[in-house]
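Both ligands and their constituent atoms are indexed starting at 1 by order of listing. Just so you know, these numbers come straight off a predicted model, no measurement behind them.
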Amino acid sequence: MSDRERIDVLGVKFDNLSMDEAVERALSLLSERRAAYVVTPNPEIVLACREDPEAAEAVAGADLTVPDGIGIIYGARLLKTPLKERVPGIDFTARLLETLDKRGGSLFLLGSKPGVAERAWEQLHARFPGLRLAGVHDGYFQDDGPVLEQVNAAAPDLMMVCLGAPKQEKWMRANAPRLRVGLMMGNGGALDVLAGDATRAPEGWQKAGLEWLYRLLKEPTRLGRMMKLPLFLVQVLRARSK
Ligand code: UDP
């Protein structure tokens, strides 16, 4: 699409859209039914793309790229090319599911450990009773073939691809041409959260942009990953002074 206004944050180009605009764009992609895919990079992924060309290509190939983390919003602001607003992947997905719920649309859940997607579906079904389940598959498969067959037989409107980043982005990039799906969305650990295996921060923390701190306090082993945020900001400052 040539009409995309995009903002470059250390090599990853983000669509500069509000949440409402991003939802509208996603629904329009879904209606084209060409297995377009959405990515929601956070600072960790932006850094990974600088070191992994295949990840960078998979992210660049997305039809919609929204800023998931507050770190990206700060980065874009520091670069003096601010983005309109943060579009958290899980909230964004919930907005799409709301629309599909009203339309009686269908959803395929791919990823996480065996059994997690089924439990996530129980939660989703309770919240979106009009939504239909097109199928589930865990994220620990060796061969794409049977997964593609299962998905294509169901031809879902939306597929949540939850293999963790950048694996899910690479998977969507590689398989999009072979998939009969309305739209795909890289959702990381969303199924774990929905199934109740991981928790989101209370709303106050989210609003304050402190979800990362909450998760760190809950899961101190995330510290290694979170140290990517300061590293990301250092790289932004370096890029700015060039
Ligand atoms: N995962 C998977 N297959 C794999 C590796 C990971 O399905 O080969 C799942 C894993 O079970 C977890 C998710 O991918 O549900 C990654 O969660 P994480 O919170 O690390 O993802 P992020 O949102 O940070 O990318």
Side-chain angles (χ1 to χ4, degrees), residues 12 14 37-52 54-56 58-59 62 64-73 86-94 96 107-124 135-148 150-151 159-175 179 184-201 205-206 209-232:
V12 171
F14 289 86
Y37 66 96
V38 185
V39 297
T40 67
N42 58 20
E44 194 184 347
I45 306 309
V46 170
L47 291 182
C49 286
R50 285 163 83 80
E51 281 164 17
D52 178 350
E54 201 190 330
V59 168
L64 181 58
T65 303
V66 297
D68 176 69
I70 195 77
I72 300 294
I73 300 298
R86 188 178 162 217
V87 182
I90 204 155
D91 299 337
F92 178 71
T93 307
L96 298 182
L107 173 70
F108 196 103
L109 302 175
L110 175 65
S112 310
K113 301 204 176 91
V116 175
E118 286 85 345
R119 278 187 285 123
W121 169 250
E122 283 171 24
Q123 301 301 320
L124 288 174
V136 296
H137 198 294
D138 68 79
Y140 295 85
F141 50 90
Q142 302 303 322
D143 182 5
D144 288 342
V147 179
L148 299 183
Q150 187 188 341
V151 174
M159 173 150 80
M160 291 173 66
V161 181
C162 303
L163 306 173
K167 188 172 179 178
Q168 65 205 12
E169 286 74 14
K170 292 180 187 178
W171 193 89
M172 292 190 289
R173 169 84 169 158
N175 291 300
L179 277 164
M184 290 188 279
M185 171 89 208
N187 271 125
L191 295 179
D192 296 329
V193 175
L194 286 167
D197 292 2
T199 45
R200 281 199 82 186
W205 292 66
Q206 288 182 36
L210 290 175
E211 184 152 21
W212 61 272
L213 179 59
Y214 181 86
R215 291 184 79 179
L216 179 60
L217 295 173
K218 281 260 179 182
E219 294 173 66
T221 52
R222 295 182 77 91
L223 185 62
R225 287 176 58 176
M226 292 206 169
M227 286 315 287
K228 300 275 180 175
L229 182 62
L231 193 65
F232 167 81

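For atom 20 (O) of ligand 1, the nearest non-hydrogen atom of the protein is Arg225 NH1, 3.2 Å. In this structure, the protein non-hydrogen atom closest to atom 19 (O) of ligand 1 is Gly189 CA, 3.8 Å. Scanning the protein for heavy atoms near atom 25 (O) of ligand 1, the closest one is Ala165 N, 3.2 Å. When hydrogens are left out, the protein atom nearest atom 1 (N) of ligand 1 is Tyr140 OH, 3.2 Å; that is the closest non-hydrogen contact. For atom 16 (C) of ligand 1, the nearest non-hydrogen atom of the protein is Gly164 CA, 3.6 Å. At the top of the distance list for atom 7 (O) of ligand 1, counting protein heavy atoms only, stands Ser112 N, 2.8 Å. Of the protein's heavy atoms, Leu163 O, 3.5 Å lies nearest to atom 5 (C) of ligand 1. Scanning the protein heavy atoms around atom 13 (C) of ligand 1, the nearest turns out to be Gly188 O, 3.7 Å.
The only option from Lys167, Met172, Met185 that meets the side chain to side chain contact (heavy atoms under 4.5 Å, CB included) definition with Val161 turns out to be Met172.
Only the backbone of Cys162 comes within contact range of ligand 1, with a heavy atom under 4.0 Å; no side-chain atom does. Residue Asp192 touches ligand 1 through its side chain alone, judged by heavy-atom distances below 4.0 Å. Of all the heavy atoms of Lys167, the ones lying under 4.0 Å from any atom of ligand 1 belong exclusively to the side chain.
Close approach of ligand 1 to Gly111 is summarised as follows: ligand atoms under 4.0 Å from at least one heavy atom of the residue are 7 (O).
At distances below 3.5 Å, at least one donor-acceptor pair connects side-chain atoms of Arg86 with backbone N or O atoms of Asp68. Distance alone, capped at 3.5 Å, is enough to place a donor-acceptor pair between the Asn42 side chain and the Ile45 backbone.
Contact check for Met160 versus Leu191: side-chain heavy atoms found under the 4.5 Å cut-off.
For Asp52 and Lys170, the salt-bridge test passes: some basic side-chain N is under 4.0 Å from an acidic carboxylate O.
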